[in-house]
Amino acid sequence: QVQVVESGGGLVQAGGSLRLSCAASGRTFSSYAMGWFRQAPGKQREFVAGISWRGRATSYADSVKGRFTISRDSAKNTVLLQMNSLKPEDTASYYCAATTMPVPGTDAHGYEYWGQGTQVTVSS
């Protein structure tokens, strides 16, 4: 079992950067692929980025490709989401999630463990 806790959210102006961190507990962290999702008020939760359990494969939503970078440090049991060139439409609660699938999917239903989320607000 894995527990995940997000941090690093906040308020930033458009064009700025934030780095989200996901701290995971559990000895088997390296066996899980990880994903970041986000949910804005009144909208469905959507996939943002994912990374395979070995970190060799990454995937991104088209809306963030080229601006966001996901990475993992298995020695520290952390997953990072570097967000650059932020836009007001990136405003949402961001969630870290873990899946036993070797490659992260884009469907939230495929993830077994979720954090509580961290708020990101981008002002125009």
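Index from 1, following the sequence. We use all heavy atoms of the structure for the numbers below, so side chains are in, but hydrogens, waters and symmetry mates are not. Bear in mind that the values here come from a model prediction, so they are computed numbers and not experimental data.
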Student: Identify the two heavy atoms, one from V2 and one from A24, that lie closest to each other, and give their separation to 0.1 Å.
Tutor: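 V2 and A24 have their closest heavy atoms at CG1-CB, 4.0 Å.
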Student: Applying side chain to side chain donor-acceptor pair (under 3.5 Å) as the test, list every pair that has at least one member in residues 3-21; sequence neighbours left out.
Tutor: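 For residues 3-21, and leaving out neighbouring residues, the side chain to side chain donor-acceptor pair (under 3.5 Å) pairs sorted by first residue read S17-N84.
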Student: Can you name the residues that form a side-chain hydrogen bond (donor to acceptor under 3.5 Å, both in side chains) with S71, not counting sequence neighbours?
Tutor: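 side-chain hydrogen bond (donor to acceptor under 3.5 Å, both in side chains) list for S71, sorted by chain: empty.
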Student: Is there a side-chain contact between Y32 and T100 in this structure, where contact means two heavy atoms from C-beta onward sitting under 4.5 Å apart?
Tutor: yes
Student: Ring-plane angle category for F37 and Y111, please: parallel below 30°, perpendicular beyond 60°, tilted otherwise.
Tutor: perpendicular
Student: Are there over 12 heavy-atom neighbours, none belonging to K65, within less than 6.0 Å of that residue's NZ?
Tutor: yes
Student: Check the hydrophobic clustering (I, L, V, M, F, W, Y; side-chain heavy atoms under 4.5 Å; chains of links allowed) and say if M83 and Y60 are grouped together.
Tutor: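 Result: yes, single cluster for both.
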Student: Please state whether the rings of F68 and Y94 are parallel, tilted or perpendicular, taking 30° and 60° as the class boundaries.
Tutor: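 F68 vs Y94 ring planes: tilted.
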Student: Please find the pair of heavy atoms, one from I70 and one from G50, that lie closest to each other, and give the distance.
Tutor: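 Looking at all heavy atoms of both residues, the shortest contact is CG2-O, 3.6 Å.
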Student: To the nearest 0.5 angstrom, please state how far the OG1 atom of T78 sits from the CG atom of D73.
Tutor: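 Going from OG1 on T78 over to CG on D73, the span is 4.5 Å.
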Student: Report yes if the side chains of P88 and S123 come closer than 4.5 Å at any heavy-atom pair, otherwise no.
Tutor: no
Student: Go through the steps for V4 and M34 under the test side-chain contact (heavy atoms from CB on, under 4.5 Å), then give the verdict.
Tutor: CA-CA 10 Å; V4 295; M34 303 295 292; 4.0 Å; yes
Student: With distance as the sole test, does R67 use its side chain to make a donor-acceptor pair with the main-chain N or O of S85 at under 3.5 Å?
Tutor: yes
Student: Look at D90 together with K87 and state whether they make a salt bridge at an N to O cut-off of under 4.0 Å.
Tutor: no
Student: Which atom names give the shortest non-hydrogen contact between S74 and S30, and what distance separates them?
Tutor: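 So the two residues come closest at OG-CB, 4.1 Å.
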Student: I need the minimum non-hydrogen distance between R38 and S63, along with the two atoms involved.
Tutor: NH2-OG, 3.4 Å
Student: Do side-chain atoms of R54 reach the backbone of P102 as a donor and acceptor pair under 3.5 angstrom?
Tutor: no
Student: Any chain of hydrophobic side-chain contacts (each under 4.5 Å) joining V48 to I51?
Tutor: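 The answer is yes; both residues are in one hydrophobic cluster.
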Student: Heavy atoms only: give me the nearest V122-T91 pair and the separation to one decimal.
Tutor: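 Heavy atoms of V122 and T91 come nearest at N-OG1, 2.9 Å.
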Student: Using links of under 4.5 Å between side-chain heavy atoms of ILVMFWY residues, direct or through other members, which residues join W53 in one cluster?
Tutor: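 Its cluster partners, ordered by chain and number, are none at all.
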Student: What's the spacing between T118 OG1 and L81 CG if we round to 0.5 Å?
Tutor: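 Nearest 0.5 Å value for the OG1-CG distance: 11.0 Å.
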Student: List the atom of G9, the atom of L20, and the distance in Å for their closest heavy-atom pair.
Tutor: N-CD2, 3.6 Å
Student: Got R45 and W114 here, is their nearest side-chain heavy-atom distance under 4.5 Å?
Tutor: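 Sidechains of W114 and R45: in contact.
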Student: Between the side chain of T106 and the main-chain N/O of F47, is any donor-acceptor distance below 3.5 Å?
Tutor: no
